[in-house]
Peer 1: 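Would you mind keeping the following structure in view while I ask a few things?
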Amino acid sequence: MTTPLSDVYAEFDGRPATEEDLRIPAFAGYGHFTAMQVRDRTVRGLALHLDRLDSANRELFGLPLDGERVCELIGHALDGARRYDASVRVHGLMPPGSTEPVPMVTVRGPAPEDRTPRSLMSVPFARSVPHIKRSGEFCQIYYGEQARRAGFDDALLTSPAGMVTEGAITNIGFWDGASVVWPDAPALTGITMALLESGLARAGRPSVRRGVTLDGVGAYRAAFVSNSQGIAPVHRIDDTLFAVDEDLMELLGQVYDGSPRENV
């Protein structure tokens with residue numbers, strides 16, 4: 001569902017965005033971002049978000065992005081939007097002709113966590129430079145729309161060799177009856193995925209990275225997806241059906257819900 005533009009509040013470097021500011025992401029799309037759900041002015045995995053922003057900023061622009069400053073900007077934008085609960089994105093953008101990247105923070109209403117089982121349609125697409133989270137990915141949107149028109153909830157990206165990589169806007173994990181298995185393939189390491197990995201390890205249930213082929217997904221007992229909005233089971237990939245493993249989903253939910261929150 002598309003969020004109406006009137007429901008999005010945006011700030012550029014701590015001030016309300018002007019029409020001229022918004023031309024930068026609209027027409028000069030080179031940049032990066034991270035997306036988070038804020039509840040009562042707290043965020044799960046805040047340090048991971050800040051590390052992602054700083055790392056991407058260094059790689060794209062050759063400059064750091066100070067975490068304390070980012071937290072100040074998020075708090076300022078939440079104040080401006082008059083929200084304690086929100087969906088927040090922090091973008092790193094380089095205005096044309098500038099030598100300094102500018103952080104943009106957008107705030108909109110919170111996205112409710114939806115653990116409804118999902119269906120995924122495999123598509124022959126793997127993102128380039130997948131470790132950088134960026135907006136405006138035509139193929140992800142295109143294949144996601146194609147999947148929905150075909151009666152699926154979203155797309156599952158696969159490499160030319162038939163390796164499962166990630167969902168169009170999610171990470172995907174599998175359950176072999178003993179371990180959570182993440183596809184060992186080029187993909188964005190999502191913040192929720194990272195929280196699950198570390199949380200499972202603390203709970204004595206470490207997850208593993210393993211190559212997963214599209215032809216081999218039927219060997220797994222269950223599957224799930226994760227992103228900034230939470231975790232949801234997968235009940236179908238193409239024609240392969242999966243039972244919803246309630247014990248697995250309870251474990252993942254406990255691990256995710258138990259991840260510490262930090263103030264912004």
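Atom set for the values below is all heavy atoms of this structure, side chains included, hydrogens, waters and symmetry mates excluded. All figures in this text were calculated on a predicted structure; none of them were measured in a lab.
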Peer 1: State plainly whether the residues Arg261 and Asp40 are in salt-bridge range, i.e. N to O under 4.0 Å.
Peer 2: no
Peer 1: Taking the six-membered ring for Trp, is the centroid-to-centroid distance between Tyr220 and Trp182 below 6.0 Å?
Peer 2: no
Peer 1: Does a donor on one side chain sit under 3.5 Å from an acceptor on the other, for Glu11 and Tyr9?
Peer 2: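 Yes, a side-chain donor-acceptor pair sits under 3.5 Å.
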Peer 1: Any chance you could measure Glu250, atom CD, to Asp245, atom CG, to the nearest 0.5 Å?
Peer 2: 10.5 Å
Peer 1: Side chain to side chain contact (heavy atoms under 4.5 Å, CB included) between Leu196 and Leu252: does it pass, once the steps are laid out?
Peer 2: CA-CA 7 Å; Leu196 290 174; Leu252 296 174; 4.3 Å; yes
Peer 1: OG of Ser259 to CD of Gln254: how many Å apart, nearest 0.5 Å?
Peer 2: 12.0 Å
Peer 1: Run Asp114 and Thr116 through side-chain hydrogen bond (donor to acceptor under 3.5 Å, both in side chains) and show every step you take.
Peer 2: CA-CA 6 Å; Asp114 180 5; Thr116 303; 2.5 Å; yes
Peer 1: What's the verdict on ring pair (Phe, Tyr, Trp, His ring centres under 6.0 Å) for Tyr30 and Phe61, showing C-alpha distance, side-chain angles and the deciding distance?
Peer 2: CA-CA 10 Å; Tyr30 186 70; Phe61 307 127; 5.8 Å; yes
Peer 1: Okay, side chain of Thr158, backbone of Val123: is any donor-acceptor separation there less than 3.5 Å?
Peer 2: yes
Peer 1: If we ignore angles and hydrogens, is there a donor and acceptor under 3.5 Å between the side chains of Gln146 and Arg148?
Peer 2: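 Per modelled atom types, Gln146 and Arg148 side chains form no pair under 3.5 Å.
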Peer 1: Please lay out, stage by stage, how Ile74 and Val90 fare under the test side chain to side chain contact (heavy atoms under 4.5 Å, CB included).
Peer 2: CA-CA 8 Å; Ile74 294 172; Val90 181; 3.8 Å; yes
Peer 1: Between Asp176 and Arg210, does any side-chain N to carboxylate O distance fall below 4.0 Å?
Peer 2: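 So Asp176 pairs with Arg210 through a salt bridge.
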Peer 1: Looking only at non-hydrogen atoms, find the nearest pair between Gly92 and Asn57 and report the distance.
Peer 2: CA-OD1, 4.2 Å
Peer 1: Does the structure place the NZ or CZ of Arg236 under 6.0 Å from the centre of the six-membered ring of Phe152, at an angle of no more than 45° from the ring's axis?
Peer 2: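 Yes, Arg236 and Phe152 form such a contact.
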Peer 1: State yes or no: do Val105 and Phe12 share one hydrophobic cluster built from I, L, V, M, F, W and Y residues joined by side-chain heavy-atom distances below 4.5 Å, directly or via other members?
Peer 2: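 Different hydrophobic clusters.
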Peer 1: Taking all heavy atoms of Leu195 and all of Val255, pick out the closest pair and write down the distance.
Peer 2: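 For Leu195 and Val255, the tightest heavy-atom pair comes out as O-CG1, 4.1 Å.
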Peer 1: Any chain of hydrophobic side-chain contacts (each under 4.5 Å) joining Phe27 to Leu93?
Peer 2: no
Peer 1: Can you tell me how the ring of His91 sits relative to the ring of Phe33, calling it parallel under 30°, perpendicular over 60° and tilted otherwise?
Peer 2: parallel
Peer 1: Compare all side-chain heavy atoms of Val88 with those of Leu78 and state whether any distance is below 4.5 angstrom.
Peer 2: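 Sidechains of Leu78 and Val88: in contact.
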Peer 1: Can you tell me if Glu166 uses its side chain to pair, donor with acceptor, with the backbone of Leu188 under 3.5 Å?
Peer 2: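 Between the backbone of Leu188 and the side chain of Glu166 there is a qualifying donor-acceptor contact (under 3.5 Å).
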Peer 1: Should Met36 and Ile191 count as side-chain neighbours, where that means a heavy-atom distance under 4.5 Å?
Peer 2: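 They are not in side-chain contact.
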Peer 1: What I'd like to find out is whether the side chain of Leu60 reaches to under 4.5 Å of the side chain of Met94, using heavy atoms alone.
Peer 2: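 Counting from C-beta outward, Leu60 and Met94 never come under 4.5 Å.
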Peer 1: Please check if any side-chain donor atom of Asp238 sits under 3.5 Å from a side-chain acceptor atom of Ser122, or the reverse.
Peer 2: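 The criterion, which ignores hydrogens and geometry beyond distance, is satisfied for Ser122 and Asp238.
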Peer 1: Given side chains that start at C-beta, do those of Phe242 and Pro233 come closer than 4.5 Å, heavy atoms only?
Peer 2: no
Peer 1: A quick test of your reading: do over 12 heavy atoms of other residues, nucleotides or ligands sit less than 6.0 Å from CZ of Arg205?
Peer 2: no
Peer 1: Looking at Ala111 and Ser87, what are the two nearest heavy atoms and their distance?
Peer 2: N-OG, 3.2 Å
Peer 1: Is the side chain of Ser207 donor-acceptor paired with the backbone N or O of Val180 at a distance under 3.5 Å, no angle test?
Peer 2: no
Peer 1: Ring of Tyr256, cation from Arg44 - is the NZ or CZ under 6.0 Å from the centre and inside 45° of the axis?
Peer 2: yes
Peer 1: When you group the ILVMFWY residues by side-chain heavy-atom contacts below 4.5 Å and let the links chain together, are Trp175 and Met249 in the same group?
Peer 2: yes
Peer 1: Should Leu65 and Ser55 be marked as a side chain to side chain contact (heavy atoms under 4.5 Å, CB included) after you check the CA-CA gap, both sets of side-chain angles, and the distance that decides it?
Peer 2: CA-CA 8 Å; Leu65 186 55; Ser55 176; over 6 Å; no
Peer 1: With rounding to the nearest 0.5 angstrom, report the CD to CZ distance, Glu197 to Arg202.
Peer 2: 11.5 Å
Peer 1: Can you measure from OG (Ser228) to NE2 (His49) and round to the nearest 0.5 angstrom?
Peer 2: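 Ser228 atom OG to His49 atom NE2 measures 7.5 Å (nearest 0.5 Å).
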Peer 1: Is there a path of hydrophobic side-chain contacts, each under 4.5 Å between heavy atoms of I/L/V/M/F/W/Y residues, joining Met163 to Leu214?
Peer 2: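 Cluster IDs for Leu214 and Met163 differ.
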Peer 1: Could you check whether atom NE2 of His76 has more than 12 heavy atoms from other residues, nucleotides or ligands sitting under 6.0 Å from it?
Peer 2: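 No, the 6.0 Å shell around NE2 holds no more than 12 heavy atoms from other groups.
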Peer 1: Go through the side-chain N and O atoms of Glu59 and His131 and say whether any donor and acceptor fall under 3.5 Å apart.
Peer 2: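 Yes, side-chain donor-acceptor contact under 3.5 Å.
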Peer 1: Compare every heavy atom of Ala222 with every heavy atom of Ala243, then report the nearest pair and how far apart it is.
Peer 2: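 Minimum heavy-atom contact is O-CB, 3.9 Å.
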Peer 1: To the nearest 0.5 Å, how far apart are CG in Leu53 and NZ in Lys133?
Peer 2: 11.0 Å
Peer 1: Is it the case that the side chains of Asp153 and Ser119 hold a donor-acceptor pair, with the cut-off being a distance below 3.5 Å and no angle test?
Peer 2: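 On atom types as modelled, these side chains qualify, holding a pair under 3.5 Å.
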Peer 1: Mind checking whether Arg83 and Pro110 have side chains closer than 4.5 Å, heavy atoms only?
Peer 2: yes
Peer 1: Answer yes if Met193 and Val181 sit in the same cluster of Ile, Leu, Val, Met, Phe, Trp and Tyr residues linked by side chain heavy atoms under 4.5 Å apart, and no otherwise.
Peer 2: no
Peer 1: Under a 3.5 Å threshold, yes or no: a donor from one side chain and an acceptor from the other, between Thr34 and Arg52?
Peer 2: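 Checked: Thr34/Arg52 side chains pair up, N/O donor to acceptor below 3.5 Å.
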Peer 1: If only atom types and distance count, is the side chain of Asn171 paired as donor or acceptor with the main-chain N or O of Gly190 below 3.5 Å?
Peer 2: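 Yes; judged by distance alone, with no hydrogens or angles, the pair exists.
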Peer 1: Would you mind checking if Asp154 and Arg118 are paired as a salt bridge, meaning a charged N to carboxylate O distance below 4.0 Å?
Peer 2: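 Salt bridge between Arg118 and Asp154, a charged N being under 4.0 Å from a carboxylate O: no.
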Peer 1: Please walk me through it: do Arg115 and Asp257 pass salt bridge (Lys or Arg N to Asp or Glu O under 4.0 Å)?
Peer 2: CA-CA 13 Å; Arg115 296 188 179 179; Asp257 293 342; 3.7 Å; yes
Peer 1: Taking the side chain as everything from C-beta on, heavy atoms only, tell me whether Asp21 gets closer than 4.5 Å to Asp13.
Peer 2: no
Peer 1: Do Thr42 and Glu262 have a side chain donor and acceptor closer than 3.5 Å?
Peer 2: no
Peer 1: Report the C-alpha separation of Asp79 and Tyr84 in whole Å, then their side-chain angles, then the decisive distance to 0.1 Å, and conclude whether the side chain to side chain contact (heavy atoms under 4.5 Å, CB included) test is met.
Peer 2: CA-CA 8 Å; Asp79 288 342; Tyr84 281 82; over 6 Å; no
Peer 1: Salt bridge check, Arg69 against Asp54: does any charged N sit closer than 4.0 Å to a carboxylate O?
Peer 2: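 Here Asp54 does not pair with Arg69 in a salt bridge, since their nearest N and O are not under 4.0 Å apart.
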Peer 1: Taking all heavy atoms of Phe125 and all of Cys139, pick out the closest pair and write down the distance.
Peer 2: CZ-CB, 3.4 Å
Peer 1: Identify the residue among Val225, Ile172, Thr165 that makes a side chain to side chain contact (heavy atoms under 4.5 Å, CB included) with Leu156.
Peer 2: Ile172
Peer 1: Return the minimal non-hydrogen interatomic distance between Thr106 and Met104, and the atom names on each side.
Peer 2: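 Reported closest heavy-atom pair: CG2-CE, 3.9 Å.
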